[in-house]
Amino acid sequence: MTPNLQVSLGRLQLRNPVMVAAGTFGYGVEYRDLVDLSQLGAIVTKSLTLTPRMGNPPPRVAETPAGMLNAIGLQNDGVDAFVVETLPRLRAYETPIIASVAGESVEEYVRVAAKLSRAEGVAALELNLSCPNQAHGGMEFGVSPELTAQVVAAVRQATPLPLIAKLTPNVGDIVPVAQAAVEAGAEVLCLINTVLGVAVDVRERRFRLATKVGGLSGPAIKPIAQYHLWRVHQALPEVPLVGVGGISSAEDALEYILLGAHAVQIGTANYVQPTLTLEVIEGIQRYLVDHGIDSLEAIRGVVQ
Amino acid sequence: MTPNLQVSLGRLQLRNPVMVAAGTFGYGVEYRDLVDLSQLGAIVTKSLTLTPRMGNPPPRVAETPAGMLNAIGLQNDGVDAFVVETLPRLRAYETPIIASVAGESVEEYVRVAAKLSRAEGVAALELNLSCPNQAHGGMEFGVSPELTAQVVAAVRQATPLPLIAKLTPNVGDIVPVAQAAVEAGAEVLCLINTVLGVAVDVRERRFRLATKVGGLSGPAIKPIAQYHLWRVHQALPEVPLVGVGGISSAEDALEYILLGAHAVQIGTANYVQPTLTLEVIEGIQRYLVDHGIDSLEAIRGVVQ
Amino acid sequence: MARYEVAATVVEHQRRAANQYELILHAPPIAQSAMPGQFVMVRPLRTHAPLWRRPYSILRANPDKGVISIFYSVQSTFTELLSLKPIGSTVQVLGPLGTCFQPVRAARRHILAAGGTGVPPLSFFAARLIPTLQPDEQVLILAGARRRDLLVGLDEFRALGAEVRVATDDGSRGYKGYVTDLLAQALEEPIPSAVYACGPNRMLKVVAELCLKHGVPCQVSLDAPMPCGIGVCLGCAVKVRLPDGGVWYKRACTEGPVFRAEEVVWE
Amino acid sequence: MARYEVAATVVEHQRRAANQYELILHAPPIAQSAMPGQFVMVRPLRTHAPLWRRPYSILRANPDKGVISIFYSVQSTFTELLSLKPIGSTVQVLGPLGTCFQPVRAARRHILAAGGTGVPPLSFFAARLIPTLQPDEQVLILAGARRRDLLVGLDEFRALGAEVRVATDDGSRGYKGYVTDLLAQALEEPIPSAVYACGPNRMLKVVAELCLKHGVPCQVSLDAPMPCGIGVCLGCAVKVRLPDGGVWYKRACTEGPVFRAEEVVWE
Ligand SMILES: Cc1cc2nc3c(=O)[nH]c(=O)nc-3n(C[C@H](O)[C@H](O)[C@H](O)COP(=O)(O)OP(=O)(O)OC[C@H]3O[C@@H](n4cnc5c(N)ncnc54)[C@H](O)[C@@H]3O)c2cc1C
Ligand SMILES: Cc1cc2nc3c(=O)[nH]c(=O)nc-3n(C[C@H](O)[C@H](O)[C@H](O)COP(=O)(O)OP(=O)(O)OC[C@H]3O[C@@H](n4cnc5c(N)ncnc54)[C@H](O)[C@@H]3O)c2cc1C
Ligand SMILES: Cc1cc2nc3c(=O)[nH]c(=O)nc-3n(C[C@H](O)[C@H](O)[C@H](O)COP(=O)(O)O)c2cc1C
Ligand SMILES: Cc1cc2nc3c(=O)[nH]c(=O)nc-3n(C[C@H](O)[C@H](O)[C@H](O)COP(=O)(O)O)c2cc1C
Ligand code: FES
Ligand code: FES
């Protein structure tokens, strides 16, 4: 009766295609009184760095029309604290834990990835390629096919875990970057991370973020994210894709699947509707039942 | 008492910085019963092509969160009909008419520009560099600094009128394109045109636009447009800039001015609030009065 | 063809059926010039999402009282917001917009065919048409809906003295089937008729074909996405045949929404 | 520290002053556990713009009736939407959230300093605190606003038996000047005091400095943008001094909004 929502992302098997996006669900445990974590397809942690990071000064967030800008600056307790303190609590759930890996140099990515690979209970790594590259004046790694390939190849050497590359939309053409990531060893692509933007406070005559520039997320960017996802699916039809950007309903998630996504991530909308992930899972199920479809494969990528 | 809203865009003098964006205000005359056209800073016409164009099949528009996608496909009656039929009616107003020039080849841009330059009553030309380039598989001219320079330089040869280059945001870095346009002879830069996007109809399982891909506009893109404008202003502080993207209030317009814009254009929001242009002019005036500022120069670019 | 942008006060806001409301607005210039088939663009609040105004057919216009009304069903966020507007609050309304139904004076029977939410403009049309009829002219209303509870406004047609025939998809009231079936039957009756229709575009296509087959003049009010409603965005394109035989895109908001059926290129 | 996401029914929606409303919601689990200083994240409708929920301090909580109330002023689209919610409709509410004011038992005088819209959490705090006081303890309310018509809720403080001193920027009621001037005066009086403050952050900074100078314990409820309210987005960062002397960013939504003033690094 209930349709099968299972999906495979390469070597990674998920009970359903609905994950939470990096940095928008804390480490996962923060939600456990509101969301039954064992229902989720997977939990992606906030991005982890080699050492604890304090993050950027406030204001770090600004609301924009149907979206928000953030410049959290990767505030986190560092990969060691995650492995020692948080991971054991997450292992209590059967849900796959995907650790998001951040770095400001290729070496940092590799060292974080290596530490996570030795820990018990990490199902896969997701490389956050929107991190500022210290060696290139703070430019995002993911804007360049070459840098993307470097990071992915280096981490590929350092981990036996399934490897997801999360791409940035701040490029003229995302396809060469996607190809570079896959050729360098990424088994799954996740797209998109936030879109660069600014916001101005007219009363105070200053930027609304202390860092001036931030990353735009939320419903506003859904058409942009879906455009990139669809183009990458057309160019690389064999690569499993994870769609992220502006999902705030089951319908939004289904749109991504129709465009070719194997799975989706919910980010900003978690803030607005903390129980949304479960609603989306239910809504996808209901759509399949209502339309007499028995698996997601039957509709994946039918909108081309 | 009332502050001075005059601005110069290079050789072009405007009574105030509020224009309407190409393609969102028809030829201008369509609004004359709703908006006193002689109050506007300038009217930018819908983009004109060498011959009449029927445009794309419907559906051509889709609403998105705080935005819309369009793929009108440059439906217009052609430059000759504009010069003969519409321009004489527009000359009745004292408002400068900026003709938007479109083309699918460098030659088409040049021929349209030449015809407009011979007509009476065109104050300036705005080059729509988001047009699909037939010789390069439909890629937008404005994604490449080289193609941008080609179009601008060729049109520069063909017209004595002030020349505005309107840039596309669908690039990794807009600054080299902006520089190329200025070096090739653009006196003013206008940014941004629409952001590429798609939308899906889950019920019908198809794209919501007949052309699949469309251009995203409206409040959703304001943070993106302001980011590009601010970066270009930082790179080319001497070049007058026209900001466009998501403006739907005087406050939005002032944000652009604070970031360095000399003038602004209102697009999508004209549909939602047909009298918005006049409200924005009034609102800017009120802001200056309330803050005891006597000209826009005093606040232009103060948010850096 | 003057158009007015009015901050209209909500005079009444009546729930007429489950999730269906009639909104009565004080908008004198619109009330004074509105014609049946025309519509208004409505903005209940200055929100960015939903972004667009929505078009609503004018259901009634009382020039003396300066009021118009629209009839809507709550479907999504926009109509949910609209339904929250209390009496005394204001709603931005732009109108009257678009073309209107034109009585075909040669016809003896005026058939008004409404599918789904197509009732409002035809109700207004009937109210204006019936008082002008010659003794040998009659009005026949054909109304279709999915279920009986979605049939609205029929009593008003009857009160005007019109004959009303009803179809529901599930047979819960009247004929079981489509309103176009009722039309096919009616067109078999040997009375010089004219048809005026409003409903989903796929219904209108069938209506147009039936009328063409029977040589009956037909006017249809088309549905299209309408970002602006005033002819500037070209988003509401409808493919039409030009007199010279060519095709072109017309704007449903200004050259429509009421088109002569034979002009439309149905796809 | 359980948190509940509740589809709360609007029980009452009272206009309390020009543009100021009290919204009473049926949300039993929140009503039963709410403490003064805590807040709820509110979503009146599923809109995309405004996107974020907004935090509102809990003004009252009646565990028996299962209701809570919040007090808000209409400022922009979000609060305009909220003000449209009729009795009987539902509002999504997540709470209770954040830290609460902790009575300082050593103090003989509890000074509650409210600036602008800072009244609600202090009103709730006063209501819970006053019944527990020893005979030699007293509560002093200091309330400041720009103009007299923006002063709200003072009668309720008085009804609880508290002394109320008022300041307005324009002198239209009480002392002409800032509420922090009243505090400076009060702290000169030789009574062992504790201060609990809510208002704009720049007021709280002055409050904190005054209390530090006088060696008076002080708790402040800070304002910060709050996308999530539950500690996951890290958007509401407040710089604090750590016990080890270092600094770090804490979350106003979970480690606040009520902070010990000496912990905060004011910028
Ligand atoms: C000339 C004209 C006159 C009109 N007159 C009337 C009138 O008199 N009364 C009236 O009620 N309406 C009328 N309409 C329709 C009206 O303008 C609105 O479209 C309608 O009120 C729905 O508004 P909404 O925003 O709440 O729903 P929308 O958000 O526009 O959605 C409409 C329906 O489509 C569904 N939907 C939304 N998104 C999608 C998607 N991605 N894929 C598939 N389905 C989707 C929704 O669930 C909903 O059922 C008229 C339209 C036109 C063009
Ligand atoms: C812990 C906590 C508790 C709170 N409790 C309460 C409470 O009990 N009661 C209450 O009324 N509020 C409370 N607030 C504030 C509340 O959350 C909202 O911020 C407030 O209701 C304004 O909502 P709004 O969306 O209508 O206005 P917003 O859109 O948030 O705008 C707020 C004000 O800022 C102005 N503004 C908007 N945009 C800009 C800009 N770009 N530049 C400069 N100014 C701008 C607006 O004009 C308006 O005056 C609390 C906040 C916090 C953090
Ligand atoms: C506050 C915030 C913090 C984020 N932190 C991270 C992060 O640490 N690592 C990462 O890869 N993406 C991060 N993201 C990006 C999201 O994972 C997601 O890619 C993006 O927000 C688009 O999805 P959405 O529109 O559903 O939010 C963050 C987003 C937000 C809003
Ligand atoms: C329906 C529509 C048609 C447009 N047509 C043109 C056009 O012909 N030429 C052009 O340069 N830009 C065109 N644009 C882009 C706008 O001029 C503007 O750059 C863009 O919409 C962003 O501004 P906005 O967010 O205020 O709408 C069009 C936009 C829309 C929505
Ligand atoms: S709706 Fe814009 S032209 Fe018709
Ligand atoms: S509001 Fe998100 S962490 Fe505090």
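These numbers come from a predicted model, not from an experiment. Naming convention: chains lettered A, B, ... in sequence-line order (proteins, then strands); numbering from 1 in each chain.
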- Would A:E63 and D:R53 satisfy salt bridge (Lys or Arg N to Asp or Glu O under 4.0 Å), going step by step from the backbone distance to the final call? CA-CA 11 Å; A:E63 200 184 26; D:R53 293 186 182 210; over 6 Å; no
- Note on the structure: Heavy atoms of D:L51 and A:A66 approach each other most closely as CD2-C, 4.1 Å
- Quick one: of D:Q92, D:R54, D:M226, D:K239, who has the most non-hydrogen atom pairs under 4.5 Å with chain A? D:R54
- Query: Closest heavy-atom contact between A:R60 and D:Y249?
  - Reply: NH2-CD1, 2.9 Å
- Query: To the nearest 0.5 Å, how far apart are CD in D:E5 and CG in A:L34?
  - Reply: 7.5 Å
- Message: For the interface with chain D, which of A:G26, A:P219, A:P65 has the highest count of heavy-atom pairs at distances below 4.5 Å?
- Response: A:P219
- Task: Would you mind checking which part of D:L234 comes under 4.5 Å of any heavy atom in chain A, side chain (CB onward), backbone (N, CA, C, O), both or neither?
- Result: both
- A:E30 (side chain) donor-acceptor with D:I230 (main chain) under 3.5 angstrom: no
- Note on the structure: Within residues 74-83 of chain D, the residues sitting under 4.5 Å from chain A by heavy atom, in sequence order, are none
- Task: With a 4.5 Å cut-off on heavy-atom pairs, point out which of A:P59, A:S248, A:S249, A:P58 contacts chain D the most.
- Result: A:P58
- Note on the structure: Among D:C228, D:G229, D:C236, the residue with the most heavy-atom pairs under 4.5 Å to chain A is D:C228
- Note on the structure: One option among A:Y31, A:Y27, A:F25 has the most heavy-atom pairs under 4.5 Å with chain D, and it is A:Y31
- Examine whether an atom of D:V238 lies under 4.5 Å from a heavy atom of chain A, and if so say whether it belongs to the side chain, the backbone or both; otherwise answer neither. neither
- Whether over 12 other heavy atoms sit under 6.0 Å from A:R205 CZ: yes
- Query: Using non-hydrogen atoms only, which part of A:A220 is less than 4.5 Å away from chain D: side chain, backbone, both, or neither?
  - Reply: neither
- Message: Just to be sure I understand the criterion: a residue of residues 68-103 of chain A counts if one of its heavy atoms is under 4.5 Å from a heavy atom of chain D. Which ones qualify?
- Response: A:M68, A:I72, A:Q75, A:N76, A:D77
- Item | Contacting moiety of A:R53, where chain D heavy atoms sit under 4.5 Å | backbone
- Close contacts, residues 263-274 of chain A versus chain D, judged by heavy atoms under 4.5 Å: A:T268, A:Y271, A:V272, A:Q273, A:P274
- When only heavy atoms count and the cut-off is under 4.5 Å, which of residues 60-71 of chain D reach chain A? none
